[in-house]
2 protein chains.
Amino acid sequence: MSVKIKDVAKRAGVSTTTVSRVLNGEKYVREELKDRVNQAIEDLGYAPSHIARSLVRNKTNLLGVIVPDLTSSFYSTILSSIEQTAASNHYNLLVCNISEDIDKEFKYLNIFKEMRVEGIIIMHEKINEDIRNFIEKLKIPVIFSSVKPMDQSFVSVIVDDYAAAYDATTYLIGLGHKQIAFIGGDMRDMTSGQNRYSGYRNALADHGIKFVHELVRFGDYKVNSGYALMGEFLRYKHKPTAVFAVSDDMAIGAVNCIIDHGLKVPEDISVVGFDGSQMTELVRPRITSMEQPIQRMGEVTVETLLQFIAGEKRTAEDIILGHRLAVRDSCRPL
Amino acid sequence: MSVKIKDVAKRAGVSTTTVSRVLNGEKYVREELKDRVNQAIEDLGYAPSHIARSLVRNKTNLLGVIVPDLTSSFYSTILSSIEQTAASNHYNLLVCNISEDIDKEFKYLNIFKEMRVEGIIIMHEKINEDIRNFIEKLKIPVIFSSVKPMDQSFVSVIVDDYAAAYDATTYLIGLGHKQIAFIGGDMRDMTSGQNRYSGYRNALADHGIKFVHELVRFGDYKVNSGYALMGEFLRYKHKPTAVFAVSDDMAIGAVNCIIDHGLKVPEDISVVGFDGSQMTELVRPRITSMEQPIQRMGEVTVETLLQFIAGEKRTAEDIILGHRLAVRDSCRPL
DNA sequence: GTGAAAGCGCTAACAG
DNA sequence: CTGTTAGCGCTTTCAC
């Protein structure tokens, strides 16, 4: 089949050991031999088998990544950053896309186990008991990126979702808004569900604004749910003057819904999103959004995971990155 | 370290061969033994090493994918489809993101070679002589998805770009437009560069519309270039009444530019995009776009590649999928 | 400096 | 039906 180290050795007139040595850049090889070996490698178009190497070295240089939705701008941007950082550390990515399908997750984790990936990055927080146990037994370092599962035993790279939501809401309040609707996430999610909701509620409370139950709805982070939920708000006699959606996609859905109802953003209703995905810049009006440092998040995720793999770091503490409100054109002072 | 087949064998009181047999679902194993083995596997939390298997079977079940830009909605959607199709055929994806960097491409192809991926999917057409030679020597099936490199020796899964561009332009002509600007791609690209340009020109010619050199600009498929190029058209005394951009991203850029100049789409200028990315639905006005069957494209890419790998198919013919104009809100009859 | 030999974890003849 | 044996392609002692 393909050319192997033996062929190279034969052609260069040396032993496989010597070939292996020049392959791995060891010294203790005479220049002349080194040249002959390199020549043979070139002639034969030889590339060492990563498979065989992995087997003997007990090291695969593989990272497994589980993405909830590859088509999402937010996740694909993190993934891009993760890929870059991994690559520059000589790691490759095995990418898996569970589309919200928990069964798939199991399947993929199992594949990761068989593949002997050195570390696993997970980007969703819907971890059930079974999966949790499976991961624990895996003995492979796992890190969560941009999400934090209920389970305290895992490390996440995230922003302070509570504070971020608090700040976003406060921004709207500072603009003079009092009827601020909230389009939340899944309350089973710790970070993007509960914490952002708490941030919203407490910002309201701290500024003496009455919490109105009717102004709160929960979606699934996607455009359509933002659209549908906004539609409900628009049926009210007393429409909200501002909306805070906990994902940019839902914010875009909300904006579209408002526009499609013949109203204007921000003239009639102000909208704030969350994530800082590039979409917020592409849409008109450009959407003001509570940005997560997406690029940095990918980098830190990989760097931290590699530290775990190297056994350098043993903290079980989350890594909190800074958030920042990117003010664009979707809000106006009241 | 981790538990291996030997441990399972010992615990079940059988030979490794027997374990291997139940692992691979062979018959010729007594029920009782099978149960004992499965029990041992469960007790020990054993998962066979894919590495070792690959080595002996000479089969990795790995596909390498090279994406030019993971953050692009178009590519990430294809990738998602590719992942799904691969997964359901028990193949895993090694994903690499060359951000237009040809050197990276080499590096990645080399990694694919070392990894012994069984097939390679490439999603950009900037293939130079060196890369081409490298691929030829690789002896690994390669397929291009959504693009066609100059080199005739490769198989691509694409739409008929010429016809698609022709049809898109004809649609605009049918609406009564005569000043139709064209925002093209890279003319070094066969499919998205040359063919779409020819389609535009010939549609014009066939309908007796004079080709105006000033109405043609070439970009890099991204939002910003669409924006910038549209800006040039808007400086003309005689502005075009319609624009055909050969990517949805550029179309979005063009629309934004028009809006930012205080004009309206489609009232003042009509815009047609190309690709059928989900963005066209999320933006207001929704953008009329010449759609590629993105989902299907991913499926067909993987299916065809797997046929190549199985040695079933030896055609060097491109696979042409149907295009279709998705009429939305960005065009109006003149 | 260099090579012979053992072994990484698994499968695949080949016997029995 | 089940086990023994020999590799898959590479690295790594351990001698020379």
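Everything numeric in this text was worked out from a predicted model, so none of it was measured. Residue numbers start from 1 in every chain, and the chains themselves are labelled A, B, ... in the order their sequence lines are given, proteins ahead of strands.
Here A/K222 does not pair with A/D220 in a salt bridge; the nearest charged N to carboxylate O distance is not below 4.0 Å.
Counting any heavy atom pair closer than 4.0 Å across all strands shown, A/L33 reaches sugar-phosphate atoms only and no base atom.
A/N61 places its CG atom 13 Å from the P atom of D/dT11, with the value rounded to the nearest Å. For the pair A/L55 CG and C/dG7 C1', the computed distance is 9 Å after rounding to whole Å. When the C1' atom of D/dT12 is taken as reference, atom OH of A/Y28 falls 15 Å away, rounded to whole Å. When the C1' atom of D/dG9 is taken as reference, atom NZ of B/K113 falls 15 Å away, rounded to whole Å. What separates CE of B/M115 from C1' of D/dG9 is a distance of 16 Å, to the nearest Å. If you take CG of A/N58 and C1' of C/dG7, they are 13 Å apart, rounded to a whole angstrom. Between B/E114 atom CD and D/dC10 atom P there is a gap of 10 Å when expressed in whole angstrom units. The separation between B/D35 atom CG and D/dT2 atom P is 12 Å, rounded to whole Å.
Considering only heavy atoms from C-beta on, B/L79 comes within 4.5 Å of B/L93 through its side chain. Side-chain contact check for A/N61 versus A/R53: every heavy-atom pair is 4.5 Å or farther apart. The shortest distance between side-chain heavy atoms of A/L94 and A/V117 falls below 4.5 Å. For the pair A/S72 and A/Y221, the minimum side-chain heavy-atom distance is 4.5 Å or more.
Taken over five-pair windows at either terminus, the axes of the helix from C/dG1-D/dC16 to C/dG16-D/dC1 are inclined to one another by 40° (rounded to 10 degrees).
The list of ring-ring contact (aromatic ring centres under 6.0 Å, His included) pairs with a residue in residues 107-149 of chain A, not counting sequence neighbours, reads A/F106-A/F134, A/F144-A/F154.
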Return all side-chain donor-acceptor pairs below 3.5 angstrom for residues 302-312 of chain A, not counting sequence neighbours, or 'none' if the list is empty.
residue	atom	partner	partner atom	Å
A/T304	OG1	A/V300	O	2.6

Quiz item: Tell me, for nucleotides 10-16 of chain C in 5' to 3' order, what letter each nucleotide earns: B for a base near a protein heavy atom under 4.0 Å, S for only sugar-phosphate near one, - for neither?
Solution: SSBBB--
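B/R57 meets the side chain to side chain donor-acceptor pair (under 3.5 Å) test with B/N24; sequence neighbours excluded. The side-chain contact (heavy atoms from CB on, under 4.5 Å) test applied to B/E32 returns B/R30, B/R36, not counting sequence neighbours.
You'll find that the side chain of A/V29 is closest to C/dT2, out of C/dG3, C/dT2, D/dT2.
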